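Worth saying up front: this structure is predicted, and the values here are computed from it rather than measured. The residues of the chain are indexed from 1 along the displayed sequence.
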Amino acid sequence: MSATDRIREHAGQGATTVAARARRRLRADQARQLADLLRHQILTGGFEAGTLPHETTLAADYRASRNTVRQALDLLRAEGLVDRLPGVGTVVVGRKYPHGLDRLMGLAETLREHGTVTNEVRTMGPAPAPHPVARRLQVAPGTDVLYIERLRRLNGLPLSLDLTYIPLDLGTALLGADLENTDVFRLLETITGQGLGHAEITLEAVNADTHSAAVLEAPRGAAVLMLERLTHLADGRPVDLEFIRFRGDRITMSGLLHRSL
């Protein structure tokens, strides 16, 4: 075989390999797309009986191959949303709770339709404000602020770890308050005699550090949703800086956005 023929043969084998990889990648992409659609159905109660249709039915409904359906279900099983029971089929075993981002509400107010939110106050007391905290709360650096660390549970399950900084002139009144059963938002409105006005928020995914993972009973390094929120009173004064780490497998964030240019 000439050198030219060997090159052509090798190129043909390579093309076959590339095509096979493309088919595998395409099937994986389709499985991920199907998993996204099924996840939405699961989280919004689309499968009322708690059991997903048979793989054949899903394949027909979504115009996918049986292999693609199986891969999609494997992805959802790895997330802890579904499981396969012998003689029953694929059933919903996990759920997430909705947290709206378009209204300024405390966690208990947000999730009141889904159960009871309780707070385990792990740390509470005055502490010197780090410079970034002081700047955002508009107090002098090093000034004492009230620092609160709370583990928040929904129906007994760990949901979030909240780290909160509050100016001490307001925070002192919280020292004897019922923080285990009352949102800080409610207490701040009572103390100040005025409502909350607005909040600046940032939402990102971070890896759980050793402490956060232990408190939230999550695997170390697991992804958690971290919500940073600076809340202001109606008169514009910043009064509550929070860093909230949510278990990503138990919460979904949603909001209503309007386009304006």
Side-chain angles (χ1 to χ4, degrees), residues 97 99-112 116-154 158-206 208-216 224-247 250-251 253 255:
Y97 300 95
H99 187 293
L101 294 177
D102 47 10
R103 296 186 63 190
L104 184 53
M105 302 174 68
L107 191 64
E109 296 172 319
T110 301
L111 299 177
R112 62 179 177 271
T116 302
V117 174
T118 57
N119 308 307
E120 177 188 329
V121 181
R122 299 176 54 82
T123 302
M124 181 176 183
H131 184 77
V133 172
R135 176 176 53 82
R136 301 191 68 187
L137 289 177
Q138 297 180 8
V139 300
T143 300
D144 278 353
V145 295
L146 181 66
Y147 172 74
I148 310 171
E149 178 182 313
R150 294 169 295 163
L151 169 62
R152 315 198 71 184
R153 300 176 184 269
L154 177 61
L159 184 64
S160 70
L161 177 62
D162 298 15
L163 311 182
T164 304
Y165 300 88
I166 297 173
L168 198 58
D169 64 313
L170 301 178
T172 300
L174 296 178
L175 292 174
D178 182 13
L179 287 174
E180 293 187 357
N181 300 293
T182 311
D183 276 338
V184 168
F185 280 0
R186 291 281 191 186
L187 295 171
L188 286 173
E189 290 179 323
T190 300
I191 293 168
T192 63
Q194 63 174 300
L196 300 175
H198 69 279
E200 305 153 19
I201 64 172
T202 301
L203 180 66
E204 61 181 319
V206 299
D209 58 274
T210 303
H211 172 70
S212 298
V215 173
L216 291 171
V224 296
L225 290 175
M226 211 274 277
L227 177 68
E228 179 182 332
R229 180 172 61 197
L230 177 63
T231 302
H232 301 251
L233 292 174
D235 64 8
R237 180 189 176 186
V239 292
D240 184 342
L241 177 60
E242 295 179 276
F243 298 87
I244 308 172
R245 288 169 172 80
F246 289 99
R247 280 193 53 151
R250 291 180 180 163
I251 201 81
M253 300 290 180

* To do: Just do the side-chain contact (heavy atoms from CB on, under 4.5 Å) check on R136 and E200 with the steps written out, would you?
  => CA-CA 11 Å; R136 301 191 68 187; E200 305 153 19; 3.9 Å; yes
* Asked: Can any side-chain N or O of T143 pair as donor or acceptor with the backbone N or O of A140 at less than 3.5 Å?
  -> yes
* Measure the CG-CG distance between L174 and L188 for me, rounded to the nearest 0.5 Å. => 6.0 Å
* Asked: Say you draw a straight line from CD of E242 to CE of M226; how long is it, rounded to the nearest 0.5 Å?
  -> 12.0 Å
* Grab the two heavy atoms, one from D144 and one from P126, that are nearest each other, plus how far apart they are. => OD2-CB, 4.1 Å
* Asked: Where the side chain of D183 meets the backbone of R186, is there a donor-acceptor pair that is under 3.5 Å apart?
  -> no
* To do: Begin with the C-alpha distance, continue with both residues' side-chain angles, and end with the deciding distance and a verdict on side-chain contact (heavy atoms from CB on, under 4.5 Å) for V117 and L159.
  => CA-CA 9 Å; V117 174; L159 184 64; 5.7 Å; no
* Structure fact -> Distance col, row Q194:CD vs E189:CD, nearest 0.5 angstrom, shows 9.0 Å
* Is there a side-chain contact (heavy atoms from CB on, under 4.5 Å) between I244 and L225 once you walk through the steps? -> CA-CA 8 Å; I244 308 172; L225 290 175; over 6 Å; no
* Structure fact -> G100 and T110 have their tightest heavy-atom pair at N-CG2, 4.0 Å
* **Approximate separation, where rounding is to 0.5 Å, of E149 CD and T123 OG1** => 4.5 Å
* Asked: Counting N and O atoms only, with roles assigned by atom type, does the side chain of R229 sit under 3.5 Å from a partner on the main chain of A199, one being a donor and the other an acceptor?
  -> no
* Asked: Would you say the side chain of L154 lies within less than 4.5 Å of the side chain of L107, judging by non-hydrogen atoms?
  -> no
* Structure fact -> Scanning both residues in full, the closest heavy-atom pair of R237 with P167 reads NH2-CB, 3.5 Å
* Asked: In this structure, which one of R152, R153, R150, E180 forms a side-chain hydrogen bond (donor to acceptor under 3.5 Å, both in side chains) with N119?
  -> R152
* Structure fact -> Separation between CG (L216) and CZ (F246), nearest 0.5 Å, reads 10.5 Å
* To do: Take L168 and L146 through the side-chain contact (heavy atoms from CB on, under 4.5 Å) test and state the conclusion after the steps.
  => CA-CA 5 Å; L168 198 58; L146 181 66; 4.3 Å; yes
* Asked: Quick one: do the D162 and S160 side chains pair a donor with an acceptor below 3.5 Å?
  -> yes
* Flag, side chain of S212 to backbone of A208, donor-acceptor distance under 3.5 Å -> no
* Side-chain contact, heavy-atom cut-off 4.5 Å: P238 with T231? -> no
* Asked: Roughly how far apart are L170 CG and L233 CG, rounded to 0.5 Å?
  -> 7.0 Å
* Can you say whether the rings of H232 and H198 are parallel (under 30°), tilted (30 to 60°) or perpendicular (over 60°)? -> parallel
* Kindly give the heavy-atom pair with the smallest separation between F185 and L196, and that separation in Å. => CG-CD1, 3.4 Å
* With a 4.5 Å heavy-atom cut-off, do L163 and R245 have their side chains touching? -> yes
* Can you spot which of I191, V184, V239, L241 makes a side-chain contact (heavy atoms from CB on, under 4.5 Å) with I166? => V184
* Atom of Y165, atom of L137 and distance for their closest heavy-atom approach -> O-CD1, 3.8 Å
